[in-house]
Amino acid sequence: MKRRITFIQRIDAGFDPQQVVLTSSSLSVRDLDAAREDRFTVELDQLPEQLRGALEHSSGLHLRWASERPYDALAPFASRVSPGLHVQYTPLKTDESPEALCTLLRAVVGPDKDAQFKDCTKPEESFIEPPLSTNSASSASLQYHTHLPSVKNLVKYIQNDVCAKESTECHTSANALLTADSIDIDYDSSSRALTVSGFWANPPKGDWTDQIMKPSSSADQIEFGLLGAEPGLEPEEIKMGGLLAVVGQDQKLKPTMFSFPSRHQHLIESSSYTVSFTPPTGLHPEMSITIPRSTLKQPPAPNDATCALHTYLTLPSTIFGDQYQLATTDPLFLESHNLAVLKAHAGEMDLEAPDWVVKNWGSSWLLELATPPTQEQDQTPVPSNWTATIPLHLRYLPPSESGYRTAHVPWPIVFWACTTEDEEGMGPNPFERTHLGWDGLFGPRTTFYQLSPAGERLVEDVDVPVLQLSGEGMFQGKFIELGTCVVISLGFLWVLLKLVRVAWSSGVGANGKSGRVGAHDKKD
Amino acid sequence: MGLFNSAPRVFLAATALRLVLLVYGGWQDAHSAVKYTDIDYMVFTDAARYVSNGESPYMRDTYRYTPLLAWMLVPTAWEAPAPWSTLTFAFGKALFALSDILAGWLVVQLLTRCYRFPTERALRYVAAVWLWNPMVANISTRGSSEGLLGVLVAALLWATLTKKPILAGLILGLAVHFKIYPFIYGVSILWWWDAERDGSSSIEAGLLSKALRFVTPSRVKFVVAALASFVALNTVMYLQYGQPFLQHTFLHHLTRIDHRHNFSPYSTLLYLSAAGGAETRFEALAFIPQIALVVLALPLVLAKKNLTTTMLAQTFAFVTFNKVCTSQYFLWYLVLLPFYLPSSSLIGKPKMGISAAILWILGQALWLHQGYNLEFLGRPSFVPGLYLAGLFFFCVNVWILGIIVQDGSQSVEETELVQKSKSP
């Protein structure tokens, strides 16, 4: 097993050499204020049987989880996904995929009491096929997402089914994931290794104080780094400097300085956004993405790059966009919503089906947003915020006692994407992050600049009105059945009665035969 | 008084109304993000675009119509520079509006020639109910295809009353292919078209001879023509577009799963049972009262007395007892009203007529209010709101249906045209 611990200090953070002490058997950090990534790499044959079986069937499996709490995504960990659990999966053989992945999903998501997820026995049932990607290195053939506020069941799964019983380190590390802001789990059939990474934008207890023991087995390795990041010479580069060590091998911390290209860049003049649904939401809620106008500036991308503001929506099956409405080229519609163009969409597109017949987990949408015109007329005061709106629709949900159910809608991510024509990919990046769902929709030579979501919770709970049913009282299912049955039967009998009376008094033929004969008389 | 004594004036006004709405619709579409054009029209024109590219119209989601419709609208897919593209886009709407006018003209012809209405009286009713009805003009100029059904039904009546069994059959087959519901008219026309209607006067007793007398040349021609055109159209469409054609035009109506709220009294029950909350499956029997009335009881009792009133009652019953009901369905019986209203007790007894109108509008208003609460305010108004409003509206409709049935007992003669066409 390999472990890599990276602390990223912000440029303005102070550092005292006494805060990191390396000895021959351990490394201690004390009162450190930094972001942290903890990455474990486990060979396939070190994994328990059941999990190994699931992985051996896949060509690639990539889980991305992001917390509902907002966090600072600083370079080189600048990329984002919407809150919840994202699964990017490519089966080894397209015709057969194992049930193990669905079992895993149920274990990780299912036990949650307000879990709202599309179950499956085989991934194809509830996973969706993402749109054709322009960057195959970064996308999978099947995609899944679910609302998942807490990873406690994932941690439980790792502790019970993955950790060796005697390994307290494994249990502690798994437990630490409970406070992580984002978690990545990656398996690739070419590397035959599973990596689990946790990311903490800030120390959960105020600062990091930790002792890391040298690994007990010589096959294991622990790398440590305390680094700072700043923009590189080229716009797409990140420069990093700091201290590195291999715990138990190195005698002292080694100073280092290196730079590398990165697709995910930190927006230097930071810009934030908020997401809301204007009440009343009704059955056709409209999502608003609001950005302070003053911060809407093109990022410092390479000269030959074209930059555009994008949003990527991950919508559960309970709420959906109308692909025909959103794909319109009508400038009036687009202008009124501050949208530019619908670039890609995938997943459940049915406009009518109620949620209980929908098998897919939902849909994803990549939209380019309009940006304010650069030269605004000074005479007219412009509002301080720029708001893009996306019209959405709710599905029918099953009846409930309160008359409402909740659609958990994760905030979309909002980012600038700057693309150059260059077809060649970028050089290696030790902190590369792929398979985010949206990154594969752009060319290999694209740099992304995330806007920061500014809110207390990055999930909107939309109230969906449903049929109100209760065990007793007037809102009972049987009253609806009985009432409908009685009223329709009575209505039917009423009309029948009228018909019988007509038939009784004048038969079923034409009455007034004299009139008929008269007509014939005239004819003859 | 003078307003209705000139047919050209009435039809010009009706055409002008539609032209104004077409131009206004084009203007609103070009200047507002809220479109005048109906969302269904976008479905039709998208489908027409697929068709003009040699593809299947069913590649457009929610296209649930015969390919004929997409074919007819192919001109809307023609590429043209700016001012002309508005015109090509409006082609279908103009076609629907023209169908309205044609339907109105046919109804006027039938009223004056078969029912011996003075022209002015015929024009007055047709203008009030159909030609000048803003709702009718609005629906067709927004691009809803229901106007086509109006002209098909009017043409079916015209062919029937002028005793052209083959033509009537062909039109019926086409109409049923277009939208399933006109099959109900086949039953009443068939029952109505007895030997006496064809001019044979001898009345024989005896069960066997009665049964034999049921099979008349007109009836045989009518049935064969109807089946021929229906089967031929479906065969052509099936050969061209295969399973998707069957699925979307016909089977969809049997397997539909979208029980979104609508005027039908079954609406809440269907939601409940589709979500798995119903103990019985009463809704599976919903077709029994509907079919029993529409294809058996109503034609049998009324058709020989008064064909047009029977057809109106059938349509009214079909819509009232249907599992799905939206406002476009109301257009289906509107085209038949000018035949019924003049001699109806709704006009004869103004109190009753006004009560019926008020109750019907009240039923709509109550439902729409609950629908607004749900759709726009997000309140869970399914029960008791929408549920009771749906049942109340059903009761009002049943009451009105009872009145139409009672009125249908008066026989109406429609021989004028026959006499004219038969006397050399």
Side-chain angles (χ1 to χ4, degrees), chain A residues 280-284 323-324 330 332-333 335-337 349-354 356-357 396 398-399 402-404 463-469 474-475 477-478 480-481 483-485 487-489 491-492 494-496 498-499 501-503 505-506 508-512 515-517 519-520 522-523, chain B residues 31-33 42 46 61-62 196 199 201 257-260 265-266 268-269 271-272 274-280 282 286 289 292-293 297-298 300-302 304-305 317 321 374-384 387 391 394-395 398 401-402 405-406 408-409 411 413 415 418-419 422-423:
Chain A
T281 45
L283 290 181
H284 309 280
Q323 56 171 321
Y324 298 100
D330 174 35
L332 292 163
F333 174 86
E335 269 167 38
S336 71
H337 291 282
M349 289 295 141
D350 195 300
L351 302 172
E352 296 161 330
W356 57 85
V357 301
Y396 263 38
S402 67
Y404 291 99
D463 280 337
V464 184
V466 299
L467 177 61
Q468 187 174 10
L469 282 187
M474 64 179 293
F475 297 120
K478 63 180 176 202
I480 293 173
E481 292 177 70
T484 313
C485 185
V487 170
I488 288 176
S489 305
F492 175 58
W494 173 261
V495 181
L496 272 189
K498 292 273 170 190
L499 280 166
R501 283 167 81 177
V502 169
S505 62
S506 55
V508 297
N511 51 358
R516 280 292 279 283
V517 175
H520 283 297
K522 263 189 267 167
K523 217 184 295 174
Chain B
H31 290 88
S32 168
M42 307 314 288
D46 282 353
D61 286 356
T62 71
E196 291 161 63
S201 53
I257 45 168
D258 55 311
H259 302 303
R260 294 188 84 97
Y266 293 102
T268 312
L269 177 66
Y271 178 8
L272 178 72
E279 288 164 25
T280 49
F282 173 66
L293 283 180
L298 286 167
L300 194 70
V301 176
L302 298 180
K304 292 199 182 193
K305 299 185 175 67
F321 284 86
L374 172 68
E375 194 101 19
F376 294 96
L377 304 183
R379 295 192 191 138
S381 59
F382 292 102
V383 282
Y387 172 64
L391 290 183
F394 170 81
C395 292
V398 161
L401 182 58
V405 167
Q406 248 167 349
S409 63
S411 276
E413 252 331 289
T415 50
V418 183
Q419 201 181 352
K422 278 201 173 173
S423 53

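Labels below follow one simple rule: chain letters A, B, ... track the order of the sequence lines, proteins then strands, and each chain is numbered from 1.
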Under 4.5 Å heavy-atom distance to chain B, tell me which part of [X] shows up: side chain, backbone, both or neither.
X: Q323(A); answer: side chain
X: D463(A); answer: neither
X: S336(A); answer: side chain

Practice problem: Measure distances from L298(B) to the heavy atoms of chain A and classify the residue's part below 4.5 Å as side chain, backbone, both or neither. | Solution: both
Exercise. Heavy-atom distances under 4.5 Å only: say whether S381(B) touches chain A with side chain, backbone, both or neither.
Key: neither
Closest non-hydrogen atom pair, [X] against [Y]:
X: A275(B); Y: P398(A); answer: CB-CA, 4.3 Å
X: Y396(A); Y: F382(B); answer: OH-CE2, 3.2 Å
X: V398(B); Y: W494(A); answer: CG1-CD1, 3.3 Å

Ignoring hydrogens and angles, tell me if any N or O in the side chain of [X] forms a donor-acceptor pair with the backbone of [Y] under 3.5 Å.
X: Y387(B); Y: T484(A); value: yes
X: Y324(A); Y: D61(B); value: yes
X: Y271(B); Y: L467(A); value: yes

If you count heavy-atom pairs under 4.5 Å between each of [options] and chain B, which one has the most?
options: R501(A), E481(A), K498(A); result: E481(A)
options: G403(A), A503(A), P399(A), C485(A); result: C485(A)
options: V502(A), V487(A), L499(A), V495(A); result: L499(A)
options: I488(A), L351(A), L496(A), D330(A); result: I488(A)

Quiz item: Partners of L377(B) by side-chain contact (heavy atoms from CB on, under 4.5 Å), sequence neighbours excluded?
Solution: P280(A), Y372(B), N373(B), R379(B)
Quiz item: Who among L401(B), L293(B), T268(B), L300(B) has the most heavy-atom pairs with chain A under 4.5 Å?
Solution: L293(B)
Quiz item: Should the pair F376(B) and H284(A) be assigned to parallel (<30°), tilted (30 to 60°) or perpendicular (>60°) ring geometry?
Solution: tilted
Self-check item: Rounded distance (nearest 0.5 Å) linking atom CZ of R260(B) with atom CD of E352(A)
Solution: 8.5 Å
